[in-house]
Amino acid sequence: MKKIPIPEPILVPIRVSPIPSFITWQRLGESMKQKYEQPLHYLTQILLKQWDESRGNNEVMMKKPIGNVIDPSKAEASVWVIEQFNRQFVSHLYIAELWISDPNYRHFVDGLQNY
């Protein structure tokens, strides 16, 4: 597996080009992926999805940008801290167990076996 370093700009308190306002945590993750040209860890993506679900699934809450509540630079820095932890400390066996239990993964693999 290729080692991708965590970007250093998160250590700088004032950023020149912060990620623009975002509606959901998952959208923030997608913006970070595009900006830094590297994917986020599987567990980081799951956590961002859980944070979005904890806001409630009603349309009123999902239309209010999270950037109104938390500074986008702080939100991005928080995601990078979680990303760094997941990259350094999560066991590959644990990830394999999660993938096997994920119905989307099973659907994809079953589809390949029938091919």
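All of these numbers come straight from a predicted model, not from anything done at the bench. Scope of the values below: all heavy atoms of this structure, side chains included, with no hydrogens, waters or symmetry mates.
- A donor-acceptor contact shorter than 3.5 Å is absent between the side chain of Glu83 and the backbone of Leu40.
- Counting non-hydrogen atoms of other residues, nucleotides and ligands closer than 6.0 Å to CD of Glu37 gives a total of 12 or fewer.
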Give the C-alpha distance, both sets of side-chain angles, the deciding distance and a yes or no for side-chain contact (heavy atoms from CB on, under 4.5 Å) between Ile66 and Leu28.
CA-CA 9 Å; Ile66 295 175; Leu28 172 65; over 6 Å; no
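- Rounded to the nearest 0.5 Å, atoms CZ (Arg87) and CD (Gln84) are 9.0 Å apart.
- A 4.5 Å side-chain heavy-atom check between Ile82 and Leu47 finds at least one atom pair inside the cut-off.
- There is a path of hydrophobic side-chain contacts, each under 4.5 Å, that joins Ile70 to Leu48.
- Atom OG of residue Ser78 and atom CH2 of residue Trp51 lie 6.5 Å apart, to the nearest 0.5 angstrom.
- Cluster annotation: Trp25 and Val69 are assigned to distinct hydrophobic clusters (Ile/Leu/Val/Met/Phe/Trp/Tyr, side-chain heavy-atom contacts under 4.5 Å, transitive).
- Considering all non-hydrogen atoms of both residues, Val79 and Met32 come closest at CG1-CE, 3.6 Å.
- Salt bridge present: Arg27 and Glu30 bring a charged side-chain N and a carboxylate O closer than 4.0 Å.
- Both Val90 and Tyr42 are part of a single hydrophobic cluster, where members link through side-chain heavy atoms under 4.5 Å apart.
- Of all the heavy atoms in Pro72 and Gly67, the pair that sits closest is CD-O, 4.4 Å.
- Here OH of Tyr94 is found 9.5 Å from CG of Asn86. Values are rounded to the nearest 0.5 Å.
- Contact of the Ile95 side chain with the His41 side chain is registered, since non-hydrogen atoms from C-beta on lie closer than 4.5 Å.
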